[in-house]
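Start at 1 and go down the list; that is how both ligands and their atoms are numbered.
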Amino acid sequence: MPSLVIVGTQWGDEGKGKIIDYLAKSANMVVRGQGGNNAGHTVVVGDKKYALHLIPSGVLYNNTVNIVGNGVVLDPEGFLSEVESLQKDGVDISNIYISERAHIVFPYHKEIDALSETKRGEKQIGTTKKGICPCYMDKIERTGIRACDLLEKELFIEKLSEQIDKKNEIIEKIYKAEKLNKEQIITQYLEYAEKLKPFIKDTTVLVYEALCRGDKVLFEGAQGTLLDVDLGTYPYVTSSHPTSGGFTIGAGVGPTMIDEVLGIVKAYTTRVGKGPFVTELDNEIGERIRIAGHEFGTTTGRPRRCGWLDTVIVKFAVRTNGITGLSLMLLDVLTGFETIKICTHYEYQGEIIEHFPASLNKLEKCKPVYKEFKGWTEDISKCETFEDLPKEAKEYILAIEELVGVPVKIISVGPKRTQTIIRENIF
Ligand code: GDP
Ligand code: IMO
Ligand code: MG
């Protein structure tokens, strides 16, 4: 299929980076449409590990065009340091473009993100403190500053100066913190503007023309369905739409131009940050998963909360994204567990719940209803086909397909490109 959306089906960190890099081998273009450098996508090539935050995971192939779409919030400092570190590794960065409509993250966004988290106290969201929410707030308030503004020096200085004054008032009066240095920020951002200039384009034209030519275009989701500001575990969510629909706005393409949606699902569940998590294992089993899966945040280094696979969540993701196939990730991490569980339903005050509830108060009181599976002990990290997998691992995969109602088209048995089992060619 020429255009494929990749979305996270859980709370992010499902392994999207690995699969995007894998599929990007045959892609002409990879497009980000939302989020910012709150994302952390790990790509392993040989013995080298790349952590990508703003730059699409197609960058490691010379011929793939990488687009940072209009729906992304772009931190110039983060972007330029990523570019620099890729250059040091000899990666070609000439094929990266930033939408002229993408909103820019400024130091006051990061400052307000951190200050508002501290002020929330017990009710902290656990954000990445990258200024994501405050930047999207400005966008919605219609006071944001976009990449195209960076190219109009006088107007840019005027807009930025006004924003710094406004934000300093908030920082001083509401948060009782020290105001930011206006001149310093302006000087710094004028330097960034010069450096960003060659990357800034009308990316909606580039994406449209690629799709019209029949080029293969991958849309790279960041975060995951349950972090969607509309559909996720609100308010413990991010401030964008990491679901497939998010691309129609965030990449500026019509829905008729998306052919398939691949849902990335971890063989278990993880979450970073706060909020309810029905299948969480706050015990030695959760710890065992965390160690085996190296479950520590790519962006913040925080230990990820771990639990069994929850198909109430995955079914919700299938429904809300129009998922046509799944890629099951980190299956190797479950090797050695005597028993593996899948949550099929929730129980809420004696009642069986099939659909993921909106109310967090209700969700907090939901108990997981599990189906148990016998585990396997064989090393699966070198399996190349579905048939190579142990009987118990196959049964686990078939059970997921049956519970969720969508085929598992890819199985990942390790972080490397070679540790990927393709059951159905999709791209
Ligand atoms: P993303 O945010 O969805 O791109 O996921 P992250 O990169 O934040 O987290 C996924 C982690 O799992 C990374 O460290 C990957 O290198 C790693 N990974 C991906 N697929 C597999 C797999 O099948 N097995 C193992 N053991 N690790 C994997
Ligand atoms: P990738 O793309 C996991 C979480 C944060 C926090 C909440 C809000 O690597 O899957 P924010 O800084 O966005 O305002 O924080 O969202 N979060 C992620 N969790 N993976 C991510 O991205 C995330 N991006 C944001 O931990 O709970
Ligand atoms: Mg991640």
Side-chain angles (χ1 to χ4, degrees), residues 6-22 32 34-45 48-54 56-57 72-73 75 105 109-110 112-114 116-117 124-137 220-229 232-240 242 263-275 277 289-305 327-335 379-381 383 410-421:
I6 310 273
V7 285
T9 59
Q10 294 152 316
W11 276 291
D13 302 324
E14 296 90 349
K16 298 176 293 293
K18 163 173 169 167
I19 287 302
I20 293 155
D21 166 74
Y22 182 87
R32 273 280 300 270
Q34 45 72 226
N37 57 352
N38 50 348
H41 298 172
T42 318
V43 176
V44 179
V45 183
K48 174 93 188 139
K49 202 180 209 180
Y50 298 88
L52 299 167
H53 301 282
L54 269 163
S57 306
V72 172
V73 288
D75 174 9
V105 175
H109 291 132
K110 294 188 231 180
I112 292 174
D113 194 352
S116 66
E117 275 286 88
Q124 273 193 17
I125 307 282
T127 76
T128 58
K129 301 199 174 107
K130 300 286 181 191
I132 307 298
C133 173
C135 186
Y136 279 118
M137 280 167 73
E220 169 171 351
Q223 288 84 48
T225 303
L226 289 192
L227 291 172
D228 185 291
V229 67
T233 42
Y234 190 90
Y236 298 99
V237 291
T238 191
S239 302
S240 64
I264 311 298
V265 56
K266 234 175 211 177
Y268 46 94
T269 312
T270 62
R271 150 158 236 190
V272 206
K274 301 278 166 64
F277 178 172
I289 294 177
R290 185 175 307 118
I291 302 296
H294 306 289
E295 293 294 357
F296 297 88
T298 311
T299 302
T300 58
R302 289 178 288 178
R304 294 173 181 154
R305 299 157 64 192
S327 181
L328 183 67
M329 312 301 292
L330 294 111
L331 187 63
D332 53 301
V333 172
L334 295 182
T335 300
D379 175 12
I380 61 167
S381 65
C383 290
I410 301 175
I411 302 151
S412 177
V413 291
K416 296 187 177 172
R417 286 174 176 168
T418 47
Q419 293 171 305
T420 313
I421 298 174

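Contact analysis puts E14 in contact with ligand 1, with a non-hydrogen atom separation below 4.0 angstrom.
Distance from atom 4 (O) of ligand 1 to its nearest protein heavy atom, with residue and atom name: G17 N, 2.8 Å. Of the protein's non-hydrogen atoms, D332 OD1, 2.8 Å is the one closest to atom 24 (N) of ligand 1. Scanning the protein heavy atoms around atom 12 (O) of ligand 1, the nearest turns out to be L330 CD2, 3.6 Å. Protein heavy atom in closest approach to atom 10 (C) of ligand 1: D13 O, 3.9 Å.
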(request) Would you check, one step at a time, whether the test side chain to side chain donor-acceptor pair (under 3.5 Å) holds for T270 with D13? (result) CA-CA 8 Å; T270 62; D13 302 324; 5.2 Å; no

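Between G414 and ligand 1, a contact under 3.5 Å exists for at least one N or O pair. Looking at ligand 1, you won't find any N or O of K18 less than 3.5 Å from one of its N or O atoms. Considering backbone and side-chain N/O atoms, V333 never comes within less than 3.5 Å of an N/O atom of ligand 1.
Taking the charged nitrogens against the carboxylate oxygens, K130 and D75 have no contact shorter than 4.0 Å, which rules out a salt bridge.
When the options K18, Q419, K266 are evaluated for a side chain to side chain donor-acceptor pair (under 3.5 Å) with S412, the one that passes is K18.
Contact shell of ligand 2 (protein heavy atoms, cutoff 4.0 Å): W11, G12, D13, K16, N38, A39, G40, H41, I125, G126, T127, T128, A222, Q223, L227, V237, T238, V272, G273, R302.
A donor-acceptor contact closer than 3.5 angstrom is absent between the side chains of Q223 and T238.
The distance from ligand 1 to the heavy atoms of M329 drops below 4.0 Å at these ligand atoms: 20 (N). Every atom of ligand 1 with a heavy atom of H41 under 4.0 Å away is listed here by number and element: 1 (P), 2 (O), 4 (O), 7 (O).
No side-chain heavy atom of T299 sits less than 4.5 Å from a side-chain heavy atom of K129. Two residues are said to be in side-chain contact when any heavy atoms from C-beta on lie closer than 4.5 Å; H41 and T298 fail this criterion.
When G293, G40, G8 are ranked by how near their heavy atoms come to atom 8 (O) of ligand 1, first place goes to G40. For atom 16 (O) of ligand 1, the nearest non-hydrogen atom from the set A222, S412, A39, P415 comes from P415. Checking K49, E295, E220, R304 against atom 11 (C) of ligand 1, the nearest heavy atom belongs to R304.
Both the backbone and the side chain of T42 come within 4.0 Å of ligand 1, counting heavy atoms alone. At a heavy-atom distance under 4.0 Å, no atom of V43 approaches ligand 1.
At a cut-off of 2.8 Å, G17 does not coordinate the Mg ion (ligand 3) through any N, O or S atom.
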